[in-house]
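To keep things clear, I will list the structure first and then write my remarks on it.
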Amino acid sequence: MLPIQLFNYPNGKCGIYIFKSGYQSTSSIFNVKYSSIPNLRSVDSDEGKSVLLFPVRDPIERFASAVNTVRKNKKYSKHSVNELIEMLEQNTFRNLHFMDIATPLRNACFHFDDIHLYKFPEHYEQMLRDGEYNDEIFHKNKSKKKLILTDSQKERVAKYYSTDIKLFESIKEPGQKFHFLKI
């Protein structure tokens with residue numbers, strides 16, 4: 001089971017909702033217009049597989065955005081950035097906004113033969129076009145304040161998301177095919 005919800009593009013390719021990587025914008029498009037959810041089969045079946053278009057955001061930017069989002073919740077509003085990092089490092093804090101990208105990507109490898117990676121937000125419009133979505137693109141949930149991390153916080157976040165950083169940096173062009181053994 002993928003830890004993130006899937007959807008179908010108009011051309012039948014699959015998409016995946018990833019928190020802090022266009023989730024709100026993408027879901028506002030596809031929850032309204034295209035409500036079918038792909039039927040997942042294992043790669044070993046004879047039924048053939050579809051293509052998954054997968055957005056990947058710079059992990060440090062994604063983390064900073066996630067901090068702003070979870071701090072809107074009263075439960076976490078008083079937590080400092082360092083406290084949130086420490087909870088992640090100690091595995092005492094689980095929230096989909098902070099989930100690494102490598103986990104759903106590894107899981108997707110068991111359901112899709114072809115996975116194509118796109119940097120978010122740079123390749124976002126191309127990803128939508130590759131799914132043959134050509135209507136208006138809504139930008140939802142754009143934060144007005146940007147969290148600035150210290151160098152030591154960036155280092156800790158980079159260590160925590162080291163696989164995601166390698167994955168993000170490996171994307172050289174929109175729609176680049178992903179090969180499982182690289183992560």
Side-chain angles (χ1 to χ4, degrees), residues 1-45 47-66 68-70 94-143 161 163-183:
M1 177 74 175
L2 293 174
I4 303 292
Q5 184 182 0
L6 299 170
F7 63 92
N8 281 323
Y9 280 97
N11 63 3
K13 292 179 181 177
C14 294
I16 185 167
Y17 298 122
I18 300 288
F19 284 91
K20 308 316 302 170
S21 297
Y23 180 92
Q24 292 294 330
S25 300
T26 307
S27 65
S28 71
I29 293 169
F30 293 101
N31 276 341
V32 174
K33 293 189 177 206
Y34 310 97
S35 59
S36 66
I37 297 173
N39 181 20
L40 291 180
R41 299 168 298 273
S42 72
V43 169
D44 293 334
S45 75
E47 298 175 33
K49 303 293 158 277
S50 67
V51 173
L52 177 64
L53 308 182
F54 199 106
V56 180
R57 186 173 181 183
D58 176 280
I60 294 173
E61 289 178 17
R62 186 170 173 263
F63 172 83
S65 180
N68 283 337
T69 298
V70 300
R94 285 179 210 90
N95 183 297
L96 287 176
H97 292 92
F98 295 101
M99 183 174 65
D100 66 319
I101 295 301
T103 297
L105 188 54
R106 280 187 194 104
N107 289 334
C109 290
F110 294 102
H111 298 283
F112 297 93
D113 284 332
D114 292 320
I115 299 172
H116 298 270
L117 304 177
Y118 298 82
K119 284 187 175 181
F120 179 84
E122 298 92 326
H123 302 158
Y124 184 67
E125 288 184 26
Q126 182 64 51
M127 182 178 71
L128 295 176
R129 283 194 300 274
D130 288 352
E132 293 181 15
Y133 175 80
N134 298 309
D135 291 337
E136 185 177 353
I137 299 171
F138 304 98
H139 191 143
K140 301 274 187 179
N141 201 25
K142 184 167 184 160
S143 179
Y161 292 108
T163 301
D164 287 0
I165 288 173
K166 289 176 193 167
L167 177 65
F168 181 80
E169 291 174 349
S170 77
I171 303 171
K172 303 300 181 206
E173 59 189 48
Q176 177 178 312
K177 194 164 182 176
F178 172 72
H179 299 284
F180 179 69
L181 297 176
K182 288 189 176 181
I183 63 167

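Counting begins at 1 with the first residue of the sequence. These numbers come from the heavy atoms of this one structure, side chains and all, not from hydrogens, waters or symmetry mates.
Taken to the nearest 0.5 Å, the CD1 atom of I18 stands 12.5 Å off from the CZ atom of R57. One distance of note links CG of L105 with CD1 of I16; it measures 8.0 Å at 0.5 Å rounding. To the nearest 0.5 angstrom, K119 atom NZ is 7.5 Å from E169 atom CD. To the nearest 0.5 angstrom, L96 atom CG is 12.5 Å from T69 atom OG1. One distance of note links CG of L53 with CZ of F112; it measures 9.5 Å at 0.5 Å rounding. S21 contributes atom OG, which lies 10.0 Å from atom CD of E61 (distance to the nearest 0.5 angstrom).
Residues satisfying the ring-ring contact (aromatic ring centres under 6.0 Å, His included) test with F54, not counting sequence neighbours, are none. Shown here are the side chain to side chain donor-acceptor pair (under 3.5 Å) partners of T26, two or more places apart in sequence or in another chain: Y124. With sequence neighbours excluded, no residue satisfies side chain to side chain donor-acceptor pair (under 3.5 Å) with Y161. F63 pairs by the ring-ring contact (aromatic ring centres under 6.0 Å, His included) definition with F98, not counting sequence neighbours. Partners of N95 by side chain to side chain donor-acceptor pair (under 3.5 Å), not counting sequence neighbours, listed by chain and number: H97. Residues passing the side-chain contact (heavy atoms from CB on, under 4.5 Å) test with E173, sequence neighbours excluded: Q176. In this view, Q126 and R129, D130 satisfy the side chain to side chain donor-acceptor pair (under 3.5 Å) rule, not counting sequence neighbours.
Heavy atoms of other residues, nucleotides or ligands lying less than 6.0 angstrom from CD of E122 number more than 12.
Across every non-hydrogen atom of G131 and P10, the tightest pair is O-CD, 3.1 Å. Here the shortest heavy-atom pairing between D113 and K177 reads O-CE, 4.4 Å. The minimum heavy-atom distance between L117 and V56, with the atom names listed, is CD2-CG2, 4.2 Å. Considering all non-hydrogen atoms of both residues, G12 and N8 come closest at O-OD1, 3.8 Å. Looking at every heavy atom in both residues, I29 comes nearest to Y133 through CG2-CE1, 3.3 Å.
For Y9 and F7, the gap between ring centers is short of 6.0 Å.
Put simply, the side chain of Y118 never gets that close to the backbone of P121: no donor and acceptor are under 3.5 Å apart. One N or O on the side chain of D164 and one on the backbone of I101 form a donor-acceptor pair closer than 3.5 Å. Here the side chain of S65 pairs no donor or acceptor atom with the backbone of R62 at under 3.5 angstrom.
Within the 4.5 Å cutoff, side-chain heavy atoms of L128 are placed close to those of I137.
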